[in-house]
Amino acid sequence: MASKKLGKQTVKFDHPPVIIGTAATVGPKEGQGPLSSYFDTVLSDDLYGENSWELAESKMLRETVKLAVQKSDKNITDMEYMLSGDLLNQLMSATFAARDLGIPFFGLYGACSTMTESLSLGSMLIDGGYAKHLVAVTSSHFSAAERQFRFPLELGNQRPLTAQWTVTGSGAAILASYGQGPRITHVTTGKVIDLGIKDANNMGAAMAPAAADTIATHFEDTGFAPESYDLIVTGDLGAIGKEITQEMVYDRGYNIAKVYNDCGLMIFDNKAQDTHAGGSGCGCSASVFCGYIYQQLQKNKLNRVLLISTGALLSTTSAQQGQSIPGIAHAVTITNNVKG
Amino acid sequence: MENKKLQSINKQQEYNEYVQQKIPKPTYFKNCIWAFIVGGLICVFGQFLANIFKGMGLNKEDVASAVPMTLVFLGAFFTGLGVYDQLGKRAGAGSIVPITGFANSIVSPAMEFKREGYVFGVAAKMFVLAGPVLVYGYGSSIIVGLLYYFLGR
């Protein structure tokens with residue numbers, strides 16, 4: 001077995017990479033949510049001075065990278081890799097931003113799981129000695145996602161109660177092989193799991209089995225218990241997916257209820273903001289992690305966090321062909337004390 | 001292999017049933033009331049227009065053309081102002097079924113895809129939602145027409 005491997009799906013780093021800085025940008029609606037004070041930039045207009053929502057999303061991603069680099073006291077030229085992806089066809093936001101930034105680029109598609117996918121691969125690059133600094137970044141945009149996956153904005157239709165609201169937001173994290181900050185010690189890579197949910201308005205239920213499997217496998221591989229963590233947080237399962245995940249993990253013998261939350265439930269006040277089951281999108285876990293959670297780690301209010309970004313791997317084609325929605329989830333352990 | 005496949009189908013069914021219990025029930029009663037009132041008001045407004053046009057001296061056929069034209073215009077107009085989707089969120093079928101909803105389903109994609117240009121954006125995407133209604137609407141009227149032609153006399 002590979003020397004850094006633990007169990008079936010987990011990696012333990014010899015030299016845990018440091019998250020030396022982060023930045024988070026969100027749209028106007030997210031800026032009215034409960035976490036608004038933790039975001040670096042709140043856009044007043046979701047077009048962000050661009051001609052289309054897609055270009056606005058790309059600009060948001062690009063500016064978030066610049067801000068994260070600046071906050072880490074580095075230069076863009078110090079960045080050896082950019083690991084990035086988004087929800088738009090052929091990764092328009094990420095590639096167009098990478099074109100402007102000029103950082104060597106790996107485009108990733110993990111749907112809404114891209115934040116932990118990029119953190120996982122970035123950590124492996126750094127621990128493997130292939131880079132000193134790199135940036136992991138992702139974004140999503142409500143209006144751009146709606147027009148690609150759903151209906152025109154002005155159509156007078158009703159959203160079901162299980163539907164989620166795509167977060168307009170971006171989060172960037174700068175990983176380095178040395179420096180001050182919380183470290184990534186473990187990575188559990190998820191499998192694609194599909195229990196046959198076909199309703200694109202109920203993605204929480206489609207992704208929950210993947211999230212539950214990754215969380216339980218993480219505990220089995222590492223020997224950690226739920227009590228090892230101050231916070232176990234999934235990406236964008238929303239109210240229904242969160243409940244299902246908690247119960248499915250319980251069936252595997254771990255009770256996470258005390259420390260478990262979901263970024264999709266943290267970013268919006270579902271009742272007041274009419275977001276139904278909660279937030280979703282790559283930008284959801286990205287902005288919540290790079291904004292709120294990272295700051296809590298820095299203040300030592302949280303010391304050990306398991307972040308599990310969750311992705312629904314459907315496409316407009318697969319949905320129209322009547323296929324069910326495969327789910328994926330990757331887990332990353334972020335901690336202040338490596339030896340604890 | 002066969003057995004394994006069967007197992008996974010059972011598992012999927014079990015999961016689907018489990019998920020169904022978790023889904024909050026839609027507020028059918030409230031939705032119905034909203035749809036009834038808003039849909040009704042749109043129809044009352046249509047009748048009001050019909051009476052006005054009649055009072056202006058239009059004959060029966062002209063009234064039947066003028067009322068839908070006015071309603072379609074208003075549906076498109078309020079879609080453009082960004083109001084119709086707010087109404088639709090509450091009223092549901094109440095504002096989708098009347099002809100104003102048809103206007104909304106054409107104008108909203110046309111607005112959405114303006115950035116892709118007037119040919120491949122506005123013009124091509126305009127009927128993305130209304131297209132199927134037109135195809136099957138015309139299609140069924142042709143079938144009914146043929147049946148009427150051969151059997152009806």
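The shown structure was predicted, so the numbers you read here are calculated from the model rather than taken from an experiment. To find a chain, count down the sequence lines: A is the first, B the second, and so on, and within it residues start at 1.
Only the side chain of B:Y18 comes within contact range of chain A, judged by heavy atoms closer than 4.5 Å. Of the two parts of B:K25, only the backbone, made up of N, CA, C and O, holds a non-hydrogen atom closer than 4.5 Å to a non-hydrogen atom of chain A. The contact between A:T162 and chain B is made entirely by side chain atoms (from C-beta outward), counting heavy-atom distances below 4.5 Å. Looking at A:P160, there are no atoms closer than 4.5 Å to chain B (heavy atoms on both sides), in backbone or side chain. For a residue to count as touching a neighbouring chain, one of its non-hydrogen atoms must lie under 4.5 Å from one of that chain's; by this rule B:L87 does not touch chain A. Contacts of A:S143 with chain B are made by backbone atoms alone, with heavy-atom separations under 4.5 Å and no side-chain atom involved.
Below 4.5 Å, heavy atoms of chain B meet heavy atoms from A:D274, all part of residues 262-282 of chain A. Residues of residues 188-206 of chain A placed with any heavy atom under 4.5 Å of a heavy atom in chain B are listed by number as A:D194, A:L195, A:G196, A:I197, A:N202, A:A205.
Heavy-atom pairs under 4.5 Å with chain A peak, among B:N31, B:N104, B:I23, at B:N104. Between chain A and the residues B:G80, B:A110, B:A93, B:G82, the largest count of heavy-atom pairs under 4.5 Å involves B:G82. Chosen from B:Q86, B:E116, B:K125, the residue pairing most often with chain A at heavy-atom distances under 4.5 Å is B:E116. The greatest number of non-hydrogen atom pairs below 4.5 Å with chain A, out of B:V107, B:V83, B:L129, is found for B:L129.
Distance OG/B:S108 to CG/A:L153: 9.0 Å, rounded to 0.5 Å. How far CD of A:E154 is from CE of B:M111: 4.5 Å, rounded to the nearest 0.5 Å. Considering CZ of B:R115 and CD of A:E54, their distance stands at 7.5 Å, rounded to 0.5 Å.
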- [ ] Please report the C-alpha distance between A:F151 and B:E112 in whole Å, then the side-chain angles of each, then the deciding distance to 0.1 Å, and finally whether the side chain to side chain contact (heavy atoms under 4.5 Å, CB included) criterion is met.
- [x] CA-CA 9 Å; A:F151 294 118; B:E112 185 89 28; over 6 Å; no
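Considering all non-hydrogen atoms of both residues, B:R90 and A:Q158 come closest at O-NE2, 3.2 Å.
By the 6.0 Å contact criterion, NZ on B:K54 is open, its count of non-hydrogen atoms from other residues, nucleotides or ligands being 12 or less. Within 6.0 Å of CG on A:D45 lie more than 12 heavy atoms contributed by other residues, nucleotides or ligands.
Taking the side chain as every heavy atom from C-beta outward, B:P24 and A:I240 approach each other to under 4.5 Å.
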